[in-house]
Amino acid sequence: MITQKLNTDKSGIETACQILKNGGVVGIPTETVYGLAANAFNPKAIEKIFGAKGRPQDNPLIVHIAEIETVYEIAKDIPKTALICAEKFWPGPLTIVLNKTNKIPDCVSAGLSTVAIRMPSNQTAREVISKSGLPLAAPSANISGSPSPTTAEHVVNDLDGKIDAVLMGENCNVGVESTVISLAGEKPVLLRPGGITLEQLREILPDITVNKAVLSELESGETAASPGMKYKHYAPKTETFLVEGENFADFVNQKSNAVAVCFAEEESDISIPKIIYGEKAHPETLAQNIFSVLREVDNSNTKYAYIHAPEKDGIGLAVYNRLIRAAAFKVIKL
Ligand code: TXA
Ligand code: MG
């Protein structure tokens with residue numbers, strides 16, 4: 001298959017919409033990470049997403065919408081808190097899990113009775129959803145298990161020849177995926193931290209709890225509330241460790257055959273090969289760069305990578321959540 005590289009101008013967006021209406025799959029920019037989109041109502045199109053990514057069939061997809069009305073078509077038993085969250089955080093990086101209607105095929109929800117819904121703020125994404133007239137199921141547009149794509153080039157590197165087209169848009173400005181919350185049960189639950197922080201959510205949902213899988217590995221046999229959280233994920237091929245604590249420079253300077261992934265503030269103290277992933281003082285920069293940096297780690301041709309862990313608050317919680325998975329839960333506490 002030849003993958004079309006489309007501009008994000010009017011004609012590129014029209015071509016993308018035509019492909020989607022015909023049951024094809026298209027890489028699209030969003031404010032979080034690039035998505036691999038298909039018509040959420042077309043099971044054959046959805047199958048192509050799972051095929052291209054090599055995604056496990058039991059991992060459900062997020063449905064992307066452009067109008068609040070679509071929520072009523074695809075979800076039911078919608079609590080008032082969902083509408084308040086939508087009002088406050090949409091369009092933007094928040095995904096809300098609700099009970100689904102029969103309009104959502106089982107392959108989208110991976111057999112669950114719920115559906116995850118998000119309204120992206122990225123202009124190109126919004127136009128593709130509106131102009132195609134379709135809710136779009138879209139996971140991140142990477143090969144399953146590898147770091148999520150935050151540039152059009154990342155999508156091409158992973159999926160060229162496997163998907164119909166990519167809209168070659170701008171780099172993603174949030175850099176980590178959306179926050180996923182469930183409002184389908186009795187109490188609100190944070191399933192995946194992301195672009196909207198836990199602190200922001202607590203203002204509206206004071207009783208929100210954090211699912212165990214956010215910060216630790218599930219025991220074997222334990223059921224994942226969010227199936228995506230049970231997999232090793234975002235991982236470089238290099239053996240990666242997450243390092244918590246202040247004396248990172250002293251620690252990594254004793255390592256050989258290793259690359260350090262560090263904050264800009266400590267760069268000059270580190271004497272082994274290093275990659276800066278942002279400023280500790282501005283954790284949103286860590287989020288913006290983390291997935292590109294995880295891809296770069298393999299270019300340094302070292303046996304080991306040691307990544308300095310961010311603080312676990314604000315957007316740092318989302319970065320930490322991705323990094324423990326990238327490190328396959330190998331955390332070193334200094
Ligand atoms: O920012 C994002 O959310 C990006 C962009 C493209 O929108 N999408 C994304 O999709 O990250 P994906 O498929 O890589 O991650 C979706 C996560 C998975 O962990 C999945 O298990 C969870 O959402 N999820 C989807 N539907 C769910 C459901 N009904 N119940 C619980 N978790 C669900
Ligand atoms: Mg993903």
Side-chain angles (χ1 to χ4, degrees), residues 25-38 40 46 49-50 52-65 74-75 89-100 104-122 124-126 128-129 135-150 154-155 158-159 167 169 172-185 188-196 211 213-214 218 223-235 287 291 294 318 321-322 325-326:
V25 290
V26 181
I28 61 166
T30 85
E31 69 278 20
T32 56
V33 302
Y34 272 72
L36 181 58
I46 299 302
I49 293 181
F50 282 91
K53 281 183 58 94
R55 183 177 175 100
Q57 297 288 337
D58 67 350
N59 196 2
L61 305 179
I62 296 172
V63 177
H64 296 67
I65 63 171
I74 63 181
F89 298 117
W90 282 358
L94 178 70
T95 295
I96 305 176
V97 173
L98 296 169
N99 287 316
K100 77 175 192 78
I104 293 294
D106 282 342
C107 54
V108 169
S109 58
L112 300 174
S113 58
T114 53
V115 60
I117 309 173
R118 136 163 155 84
M119 187 189 288
S121 62
N122 176 280
T124 304
R126 290 179 66 76
V128 174
I129 302 164
L136 298 177
S140 48
N142 53 306
I143 293 285
S144 223
S146 75
S148 298
T150 50
H154 292 160
V155 181
D158 274 20
L159 298 174
L167 274 163
C172 303
N173 60 11
V174 176
V176 289
E177 302 90 338
S178 62
T179 303
V180 181
I181 60 171
S182 173
L183 298 177
V189 184
L190 177 72
L191 297 177
R192 179 178 73 180
I196 299 295
N211 184 258
V214 167
L218 291 174
T223 321
S226 184
M229 284 285 141
K230 72 184 173 201
Y231 300 106
K232 177 178 169 185
H233 218 143
Y234 318 113
F291 285 133
L294 288 174
N321 167 274
R322 305 312 186 269
R325 287 170 171 78

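Sequential numbering from 1 along the given sequence is applied to the chain's residues. Predicted model, so just to flag it, every value in this text is computed and none were measured. One-based numbering, in listed order, for ligands and for the atoms of each.
- Contact analysis leaves S148 out of contact with ligand 1, as no non-hydrogen atom separation drops below 4.0 angstrom.
- Ligand 1 is approached by A138 to a heavy-atom distance shorter than 4.0 Å.
- Residues N59 and P139 form no side-chain contact, since every pair of their non-hydrogen atoms from C-beta on lies 4.5 Å or further apart.
- Between the R55 side chain and the P60 main chain, a donor and an acceptor come within less than 3.5 Å of each other.
- Annotation: side chain to side chain donor-acceptor pair (under 3.5 Å) contacts involving residues 25-37, sequence neighbours excluded, comprise T30-T32, T30-R118, E31-R118, E31-S121, T32-R118.
- Regarding atom 3 (O) of ligand 1, its nearest protein heavy-atom neighbour is S178 OG, 2.5 Å.
- Set against the non-hydrogen atoms of G35, the atoms of ligand 1 under 4.0 Å away are 6 (C).
- Looking at Y234 and S148, their side chains come closer than 4.5 Å, going by heavy atoms from C-beta outward.
- With a heavy-atom cut-off of 4.0 Å, R55 touches ligand 1 through its side chain alone.
- Counting only protein atoms, the N, O or S atoms lying less than 2.8 Å from the Mg ion (ligand 2) are S140 OG, ordered by chain and residue number.
- Remark: among candidates I49, L61, N59, the nearest residue to atom 18 (C) of ligand 1 is N59, based on non-hydrogen atoms.
- Looking only at distances, a side-chain donor or acceptor of K53 sits under 3.5 Å from a matching main-chain atom of S140.
- At under 3.5 Å, a nitrogen or oxygen of S226, whether backbone or side chain, sits near a nitrogen or oxygen of ligand 1.
- In the vicinity of T114, heavy-atom distances shorter than 4.0 Å reach the ligand 1 atoms 28 (C), 29 (N), 30 (N).
- Close contacts between ligand 1 and H64 involve ligand atoms 5 (C), 6 (C), 7 (O) [criterion: under 4.0 Å to a heavy atom].
- For a threshold of 3.5 Å applied to N or O pairs, the pair formed by T32 and ligand 1 contains at least one separation below that value.
- Residue T95 holds its OG1 atom at 10.0 Å from CD1 of I196, rounded to the nearest 0.5 Å.
- Taking every heavy atom of L112 and a limit of under 4.0 angstrom, the matching atoms of ligand 1 come to 28 (C), 29 (N), 30 (N).
- Contact between L36 and G27 at its shortest, heavy atoms only, is CD1-N, 4.0 Å.
- Between F50 and L61, the closest side-chain pair of non-hydrogen atoms falls below 4.5 Å.
- Here D158 pairs with S146, R295 under the side-chain hydrogen bond (donor to acceptor under 3.5 Å, both in side chains) rule; sequence neighbours left out.
- Annotation: atom 17 (C) of ligand 1 to nearest protein heavy atom, R192 NH1, 3.7 Å.
- Smallest separation of non-hydrogen atoms from H64 and A138: CE1-O, 3.1 Å.
- For the atom pair N211 CG and I181 CD1, the distance stands at 13.0 Å (nearest 0.5 Å).
- Each of the atoms 31 (C) of ligand 1 lies under 4.0 Å from some heavy atom of A225.
- In this structure, the protein non-hydrogen atom closest to atom 33 (C) of ligand 1 is P60 CG, 3.7 Å.
- With values rounded to the nearest 0.5 angstrom, N142 atom CG is found 10.5 Å from T150 atom OG1.
- Of the protein's non-hydrogen atoms, V33 CG2, 3.8 Å is the one closest to atom 4 (C) of ligand 1.
- Of all the atoms in ligand 1, the ones that sit under 4.0 Å from a non-hydrogen atom of S140 are 8 (N), 9 (C), 10 (O), 12 (P), 14 (O).
- Interatomic distance, N321 CG to T179 OG1, rounded to the nearest 0.5 Å: 10.0 Å.
- Between E177 and ligand 1, not a single N/O pair is under 3.5 Å apart.
- Partners of R192 according to the side-chain hydrogen bond (donor to acceptor under 3.5 Å, both in side chains) rule, which considers only residues two or more places apart in sequence or in another chain, are S178.
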